[in-house]
Peer 1: 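Sharing a structure, written as structure tokens. Questions coming.
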Amino acid sequence: MPPFFSNVNVGQRLAATACDNPEGVAVAAALPRRGAGPRKYQVRTFAELDQDSNLLAEGLQAHGARRGMRLVLLVKPGVDFISLVFAMFKAGVVTVLIDPGMGRSHLIRCLEEAEPEGFVAISPVQAVRTLLRHRFPKARLNVTVGRRWFWGGPTLAGLRKRTPGAFQAAATKANDEAAIIFTTGSTGPPKGVLFHHGVFDRQADEIRDFYGIAPGEIDLSGFPLFALFNCAMGVTTVVPEMDFTRPADVDPRNILAAARDWKCTQAFGSPALWNSVGRYCQEHDEHLPDLKRVLTAGAPAPPHVLRRVKQIMPPDGEMHTPYGATESLPVASISASEVLGETAAQTEQGAGTCVGRRFPGIDWKVIRIRDEPIPQIDQIEELPAGQIGEIVVTGPVVTRRYVTRTEANAEHKIQDGDRVWHRIGDLGYFDEQERFWFCGRKAHRVITAEGTLYTVCCEAIFNNHPSIYRSALVGVGPRPNQRPVMICEPLPEHRPATEPARQQLIAELQALGSANPLTAGIHEVLLHDSMPVDIRHNAKIFREKLAVWAAKVIQK
């Protein structure tokens, strides 16, 4: 990472790429399909994107944007989104990014907590912001992306009509604020994580170097934020036609079409997206011969997803699962070949999910599980290899604090002189190769009178049933006397159509659990057609919601 007070503006990485490869395609965003014929794309070169972001940055500054000012960005993924993010970096403002799919009430609450000084947003968002202006009293600079209705302020089209000047990016430093990104809220209310320019800069370097990503590659982006790293690495971003808030419901044909149209060499998407694409390709014997690297994140990808995606790729292609959290990414990584060739068999027997080896810039420890704050690093108890505990990490890609829900700082941050360790909230252990095996979230562990049950380890036993897509262990009642309940989601084609068939599947699952010492104490099994999951990746299961549901079902 650059020295804390050295000049770093992550927006200038786009300028560097534009200088090296001005005519290279930076972004190709699929346009909505209308009728037959070739699919059309909105295309921008690196030089065009750099010039556009300069123009927008200059326009924002002319309308009052200043260094350190918080502006919400809520626009659809595509050229405008990418150009605006880099424009805001260059202008020195702090970009507030949030998933619109979390629902209106959660979205408004999170934005209110961020105390923004303005919105750069599409028309419907600006309409809501205007009607709820009392909740955003500081929002004075509001730029409409699209048609401006009954409110004032500049528009994106208006910013682009300006005559370009001799723009210079803000002289930000590594420790200057760059963005606030909200967590998914899978284990509690979403929290605003503060990112500095130096963190973004180091993230791009770590990802590029670890995976050997080279300028000129072409990435199919199933997750909009990853497109920002692409531009910083000289990689083309192809934005497919999809609803990015619902990756599990993606039309695989749109993903395959975009990948083929641009001969994509890399792709990024959640396990839910790759589950849909992999199943479709298996059924229709589809392949992507140019795809040499696939990245998936948000939750561990099941072996059947890894296996199907590997079959789509050429023999020398590889799928990787980077591990981390919004507050600390990337932490570790593992390849599909290592999972399928070694660790999956142990996972199926309840050993947890191996997430691989740490990135070079990361330092990590497994410590004794504690639910209370740990103010200083000398107050931890580090555990030996093989013993399940709580993972803590530090390094130049680890963020230092939350700026909303700030009470969470005491719970998740440990001071170590000038360094800060982050408590991810995950449980697991190191093996002899210092690989981390994820056993579940700390908040999700089930504490019974007989002992503690770890979600991922127990769920794996039930996932061995051929009819089951995924499972979720929850505890009903108060700790330390919780009643363990296993909730299983059948594959769509194996959902029981009759009550006898339903009871038969439950009996088979109960027998499967009883036969393994890890799960012998789990006697209650429920079926759920579609578990609630996070809106960012459609992969993290909301076990808190399922626990409430399970308690009601059991009481009937």
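We use all heavy atoms of the structure for the numbers below, so side chains are in, but hydrogens, waters and symmetry mates are not.
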Peer 1: Test your reading of the model: is there a side-chain donor-acceptor pair from His465 to the backbone of Ser467, 3.5 Å cut-off?
Peer 2: yes
Peer 1: Classify the side-chain pair Arg307/His304 by whether it contains a donor and acceptor separated by less than 3.5 Å.
Peer 2: no
Peer 1: Are a donor atom and an acceptor atom from the side chains of Asp363 and Thr394 found within less than 3.5 Å of each other?
Peer 2: no
Peer 1: Nearest 0.5 Å, please: how far is CG in Leu73 from CD1 in Ile98?
Peer 2: 12.0 Å
Peer 1: Taking C-beta and beyond as the side chain, do Pro302 and Asn275 meet within less than 4.5 Å on heavy atoms?
Peer 2: no
Peer 1: Once you round to the nearest 0.5 Å, how far does CG of Leu291 lie from CG of Leu220?
Peer 2: 8.0 Å
Peer 1: Mind checking whether Phe182 and Thr326 have side chains closer than 4.5 Å, heavy atoms only?
Peer 2: no
Peer 1: Tell me, do Leu512 and Met486 make a side-chain contact under 4.5 Å, heavy atoms counted?
Peer 2: no
Peer 1: Taking atom CD of Glu432 as the centre, report whether more than 12 heavy atoms of other residues, nucleotides or ligands fall under 6.0 Å from it.
Peer 2: no
Peer 1: May I ask you to check whether Tyr402 and His412 place their ring centers less than 6.0 Å from one another?
Peer 2: yes
Peer 1: Between Lys191 and Glu411, is the closest basic N to carboxylate O distance under 4.0 Å?
Peer 2: no
Peer 1: For Ala301 versus Leu306, what's the shortest heavy-atom pair and its separation?
Peer 2: CB-CD2, 3.7 Å
Peer 1: As an exercise, state the distance from CD of Gln203 to CZ of Phe195, rounded to the nearest 0.5 Å.
Peer 2: 5.5 Å
Peer 1: List the atom of Val397, the atom of Val199, and the distance in Å for their closest heavy-atom pair.
Peer 2: O-CG1, 3.8 Å
Peer 1: Could you check Ser333 against Phe359 for side chain to side chain contact (heavy atoms under 4.5 Å, CB included), going step by step and ending with a plain yes or no?
Peer 2: CA-CA 7 Å; Ser333 184; Phe359 274 70; 3.8 Å; yes
Peer 1: Are the side chains of Ile487 and Trp549 in contact, using a 4.5 Å heavy-atom criterion?
Peer 2: yes
Peer 1: Please work out which of the three classes, parallel, tilted or perpendicular, describes the rings of Phe436 and Trp364, given edges at 30° and 60°.
Peer 2: tilted
Peer 1: Are the charged groups of Glu318 and Lys310 less than 4.0 angstrom apart, N to O?
Peer 2: yes
Peer 1: Between Arg208 and Asp205, is there a salt bridge with N-O shorter than 4.0 Å?
Peer 2: yes
Peer 1: Hey, could you give me the CD/CD1 distance between Gln415 and Ile374, rounded to the nearest 0.5 Å?
Peer 2: 12.5 Å
Peer 1: Check Ala227 against Ser221 and note the closest heavy-atom contact, atom names and distance.
Peer 2: N-OG, 4.0 Å
Peer 1: Using a 3.5 Å distance criterion without hydrogens, assess whether the side chain of Glu459 forms a donor-acceptor pair with backbone atoms of Leu473.
Peer 2: yes
Peer 1: With a 4.5 Å cut-off on side-chain heavy atoms, are Arg260 and Glu286 touching?
Peer 2: yes
Peer 1: Check the pair Ile414, Asp416 against side chain to side chain contact (heavy atoms under 4.5 Å, CB included), reporting the backbone distance first and the verdict last.
Peer 2: CA-CA 7 Å; Ile414 305 173; Asp416 181 13; 5.9 Å; no
Peer 1: Working note: Glu390 + Arg368, criterion side chain to side chain contact (heavy atoms under 4.5 Å, CB included); need CA distance, chi angles, decisive distance, verdict.
Peer 2: CA-CA 6 Å; Glu390 175 184 352; Arg368 180 79 61 190; over 6 Å; no
Peer 1: Please check if the side chain of Glu113 supplies one atom and the backbone of Thr404 the other of a donor-acceptor pair under 3.5 Å.
Peer 2: no
Peer 1: If you look at every heavy atom in Thr296 and Gly269, which pair is closest and at what distance?
Peer 2: OG1-O, 2.8 Å
Peer 1: Taking Arg441 for the side chain and Ile424 for the main chain, is one N or O donor matched with an acceptor at less than 3.5 Å?
Peer 2: yes
Peer 1: Do His444 and Glu544 have side-chain atoms, one donor and one acceptor, less than 3.5 Å apart?
Peer 2: yes
Peer 1: Is any side-chain heavy atom of Pro247 less than 4.5 Å from a side-chain heavy atom of Trp274?
Peer 2: no
Peer 1: Please check if the side chain of Gln387 supplies one atom and the backbone of Pro384 the other of a donor-acceptor pair under 3.5 Å.
Peer 2: no
Peer 1: Rounded to the nearest 0.5 Å, how far apart are CZ of Arg370 and CZ of Arg423?
Peer 2: 7.0 Å
Peer 1: Quick check: do Ile367 and Glu381 have side-chain heavy atoms less than 4.5 Å from each other?
Peer 2: no
Peer 1: Kindly give the heavy-atom pair with the smallest separation between Gly324 and Val331, and that separation in Å.
Peer 2: CA-CG2, 4.0 Å
Peer 1: Are more than 12 heavy atoms, taken from residues, nucleotides or ligands other than Arg253, located less than 6.0 Å from that residue's CZ atom?
Peer 2: no
Peer 1: Only one of Val305, Val250, Ile255 clears side-chain contact (heavy atoms from CB on, under 4.5 Å) with Ser276; which?
Peer 2: Val250
Peer 1: Among Arg358, Arg357, Lys365, which one satisfies salt bridge (charged side-chain N to carboxylate O under 4.0 Å, His left out) with Glu434?
Peer 2: Arg358
Peer 1: Using distance only, find each side-chain donor-acceptor pair of residues 517-528 under 3.5 Å and give its atom names and separation, not counting sequence neighbours.
Peer 2:
from, atom 1, to, atom 2, distance (Å)
Thr519, OG1, Gly513, O, 2.7
Glu524, OE1, Arg483, NH2, 2.6
His528, ND1, Ser530, N, 3.1
His528, ND1, Ser530, O, 3.2

Peer 1: Indicate the atoms forming the closest heavy-atom contact of Phe462 with Cys488, along with that distance.
Peer 2: CB-SG, 4.1 Å
Peer 1: One pair to check against side chain to side chain contact (heavy atoms under 4.5 Å, CB included): Phe438 and Ile391. What are the steps and the verdict?
Peer 2: CA-CA 9 Å; Phe438 172 59; Ile391 188 170; over 6 Å; no
Peer 1: Are any of the side-chain heavy atoms of Val398 and Ile362 separated by less than 4.5 Å?
Peer 2: yes
Peer 1: Can you tell me how far the CD1 atom of Ile468 sits from the CD1 atom of Ile461, to the nearest 0.5 Å?
Peer 2: 14.0 Å
Peer 1: Any ion pair linking Asp426 and Lys442 (charged N to carboxylate O, less than 4.0 Å)?
Peer 2: no
Peer 1: Do any N or O atoms from the side chain of Arg495 and from the backbone of Asp529 form a donor-acceptor pair under 3.5 angstrom?
Peer 2: yes
Peer 1: Run Glu327 and Thr183 through side-chain hydrogen bond (donor to acceptor under 3.5 Å, both in side chains) and show every step you take.
Peer 2: CA-CA 8 Å; Glu327 304 93 328; Thr183 61; 5.4 Å; no
Peer 1: Is a side-chain N or O of Asn464 found less than 3.5 angstrom from the main chain of Glu348, in a donor-acceptor match?
Peer 2: yes
